[in-house]
Amino acid sequence: MLKKHFKLTTGQNLRYTGKLFPGFIKGLPYMVFISNYSSYQVMVNYNGLDTIVEKYFLEQVG
């Protein structure tokens with residue numbers, strides 16, 4: 001089941017709910033949106049590193 005699509009803006013705080021990736025810390029799922037990468041992927045800042053993740057594994061924070 002896909003999550004509801006929402007609009008992302010630069011600097012928006014997000015929570016990652018997908019599978020683990022290299023460098024991911026399970027107890028720290030928060031990241032900041034940078035830009036769209038493709039139709040299904042976005043570039044985020046996670047712990048000071050620019051990372052590309054699937055947008056369907058993100059939730060808005062706040």
Side-chain angles (χ1 to χ4, degrees):
M1 180 174 116
L2 294 176
K3 295 181 182 179
K4 185 176 179 181
H5 201 62
F6 54 89
K7 186 173 180 169
L8 297 168
T9 57
T10 304
Q12 183 174 2
N13 293 320
L14 303 167
R15 179 182 304 127
Y16 182 73
T17 60
K19 295 181 181 180
L20 301 179
F21 57 84
F24 183 76
I25 302 168
K26 191 172 183 176
L28 189 61
Y30 302 101
M31 45 189 61
V32 178
F33 176 75
I34 298 174
S35 66
N36 287 310
Y37 185 76
S38 70
S39 332
Y40 301 104
Q41 298 176 322
V42 294
M43 184 173 286
V44 296
N45 183 303
Y46 179 72
N47 286 339
L49 298 173
D50 292 348
T51 307
I52 298 169
V53 296
E54 299 289 325
K55 69 170 62 173
Y56 295 107
F57 295 128
L58 297 174
E59 295 177 347
Q60 294 175 323
V61 176

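All values below were derived from every heavy atom in this structure, side-chain atoms included, with hydrogens, water molecules and symmetry-related copies excluded. If you're wondering where the values come from, they're calculated on a predicted model, not measured in any experiment.
With hydrogens and angles disregarded, a donor-acceptor distance shorter than 3.5 Å links the side chain of Lys55 to the backbone of Ser39.
Take Phe33 and apply the ring pair (Phe, Tyr, Trp, His ring centres under 6.0 Å) test, not counting sequence neighbours, and it matches no residue. Listed by chain and number, the residues in a side-chain contact (heavy atoms from CB on, under 4.5 Å) with Ile25 are Leu28, Tyr46, Asn47 (sequence neighbours excluded). Under the side-chain contact (heavy atoms from CB on, under 4.5 Å) criterion, Tyr37 pairs with Gln41, Met43, Ile52, sequence neighbours left out.
Sorted by first and then second residue, the salt bridge (charged side-chain N to carboxylate O under 4.0 Å, His left out) pairs involving residues 28-43 (not counting sequence neighbours) form an empty list. For the salt bridge (charged side-chain N to carboxylate O under 4.0 Å, His left out) condition, no pair includes a residue of residues 39-51, sequence neighbours left out. Pairs passing the salt bridge (charged side-chain N to carboxylate O under 4.0 Å, His left out) check and including a residue from residues 9-24, sequence neighbours excluded, read Arg15-Glu59.
Side-chain contact check for Val32 versus Asn13: some heavy-atom pair is nearer than 4.5 Å.
With hydrophobic clusters built from ILVMFWY side chains whose heavy atoms lie under 4.5 angstrom apart, Ile34 does not share a cluster with Val53. A continuous path of ILVMFWY side-chain contacts below 4.5 Å connects Leu20 to Tyr16, so both sit in one hydrophobic cluster.
Between atom CE of residue Met31 and atom CD of residue Gln12 there is a gap of 13.0 Å, rounded to the nearest 0.5 Å.
Nearest heavy-atom pair, Gln60 versus Leu14, reported as atom, atom and distance to 0.1 Å: CA-CD2, 4.3 Å.
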